[in-house]
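Data block below; observations after.
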Amino acid sequence: MGDFGTLFPFAIGYIAVCGLNPSGFLVMMGIANIVTGLVYRLPMPIEPMKVLAVVAIAQHWSPSMVYASGFGMGIVWTVFAVIGVMKWIAKVTPDPVIRGIQVALGVILAIEAIKMISTWWVLGIVSILIGLVLGKNRYAPAAIILMGLGVTIMLVKGQFNLVESPKLTLPTITGFRLEEVWQTFLQAGFAQIPLTATNAVIATSALIKSYWPERPVSESRLSLNMGIMNLILPFFGGMPLCHGAGGLAGQYYFGARTGGTNIIEGLIEIAMGLFLAGSIAGLFAVFPVAIMGAMMFLVGIELTRFARDIHWDKDIIPMGTTLLVSIFTNMAYGFLSGFMMYYLIRTILRKKKH
């Protein structure tokens, strides 16, 4: 549940605004979680592709356009994995740039989290304290306590009248037109690629090496995994999915250590998709936003701590460049700026030596 803070808002938008079938949406995400947990045996996050999600919701895309965008991303990441593009990008990407991306993501999450906490300051602050006190507790995990607190508040407010009687709803076969693949590429897909490359592939692989140095996962493998997911799931109602350093940090912070995390989350999502499809959008919408914000805030702080791994004498400028440009524009520009700054400084220093 550590990365639910980023899932809920996009789930609401995709279902309520774009009209995606909640059953297919959740069941496909659940299956992706279970398979990923079994394959990697790590708490590998499964998340919405954020640029696609934001544009799709803002522009009221039809369901077929959402599915087409996912399929297009599946082609891109499968090709990148097969020809070794991500392996090359990862090889030439400097460590301070990776750390800058991770820290920038943490700051961006924390800023968004404060906006969510501001909807109910007292609840948000209490939730942060619960997260800090119970963050490492094996017997009263903070994420479960916070979810329980949110459900209790919903009960007290009488908001469970939104819940319909459980009934079985199966995902349906879905499709799209080929021209919609190109259309969604132009509107959001090309902007999604560098963000996914930096956050979902390079930064996620680096984070796995930090948390589980004995069990690294290569950038090419992450790319292929995302490619296969997105080539299959759109035909059964699934949204465009990726991995993400923020989701991994969130799950790790709240205690996740094995693929059992993904299996449990997947079973929950499949159960909700099969039996609560008619109620899920309403339930997500009334869950206390301040609690989600508190969880996101803690995850953001967790990501910023990776700044301590860099050499403050020679790495601070490229990392700082990556961080600032990412915050004020986006992570793709931040990545390129930090990348160029690193190699510019390196070239200048080499010339001085000669």
Side-chain angles (χ1 to χ4, degrees), residues 1-27 29-30 33 45-48 53 57 109 112-135 137 139-169 239 246-247 250-251 253-256 261 264-300:
M1 300 177 179
D3 63 344
F4 275 16
T6 55
L7 171 62
F8 276 24
F10 294 124
I12 296 167
Y14 267 137
I15 295 169
V17 178
C18 299
L20 263 63
N21 181 339
S23 180
F25 178 98
L26 287 164
V27 171
M29 188 166 187
N33 264 303
I46 301 293
E47 302 179 342
I57 294 166
L109 282 176
E112 290 302 312
I114 290 171
K115 295 177 184 177
M116 297 167 73
I117 292 169
S118 68
T119 60
W120 191 347
W121 282 110
V122 174
L123 178 61
I125 292 170
V126 168
S127 298
I128 290 174
L129 292 175
I130 290 173
L132 292 172
V133 172
L134 299 178
N137 194 301
Y139 305 102
I144 294 177
I145 298 299
L146 289 171
M147 287 292 154
L149 176 61
V151 169
T152 302
I153 291 171
M154 291 164 67
L155 280 169
V156 171
K157 287 186 170 183
Q159 291 170 324
F160 270 85
N161 58 5
L162 295 168
V163 180
E164 301 176 5
S165 298
K167 60 181 179 180
L168 180 63
T169 306
M239 64 176 168
Q251 292 182 336
Y253 179 88
F254 286 105
T261 296
I264 293 170
E265 179 178 340
L267 291 172
I268 292 171
E269 288 161 350
I270 289 173
M272 288 193 298
L274 290 178
F275 300 106
L276 293 174
S279 313
I280 205 68
L283 287 174
F284 282 178
V286 297
F287 191 91
V289 173
I291 294 177
M292 292 288 97
M295 295 176 73
M296 282 179 61
F297 182 80
L298 292 168
V299 173

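Of the possible donor and acceptor atoms, one in the side chain of Glu47 sits under 3.5 Å from a partner among the backbone N and O of Gly247. The backbone N or O of Leu274 sits nowhere less than 3.5 Å from a side-chain atom of Ser23 that would complete a donor-acceptor pair.
Between Met147 and Met295 the shortest side-chain heavy-atom distance falls below 4.5 Å. In this structure, the side chains of Phe25 and Glu269 stay at 4.5 Å or more apart for every pair of heavy atoms. Side-chain contact between Leu149 and Leu123 is present, with at least one heavy-atom pair separated by less than 4.5 Å.
In this structure, Ser127 and Ile291 approach most closely via the heavy-atom pair OG-CG1, 3.5 Å. The two atoms that bring Ile117 and Phe297 nearest to each other are CD1-CB, 4.2 Å, heavy atoms only. For Ile130 against Ile145, the heavy-atom pair with the smallest separation is CG2-CG2, 4.0 Å. Smallest separation of non-hydrogen atoms from Ala290 and Trp120: CB-O, 3.6 Å. The nearest pair of heavy atoms linking Pro288 to Met154 is CD-CG, 4.1 Å. Taking all atoms of both residues into account, the shortest heavy-atom contact from Ile46 to Met29 is O-CE, 3.0 Å.
Interatomic distance, CD1 of Ile270 versus CG of Asn33, reported as 9.0 Å (0.5 Å rounding). Atom CD1 of Ile114 and atom CE of Met296 lie 10.5 Å apart (nearest 0.5 Å).
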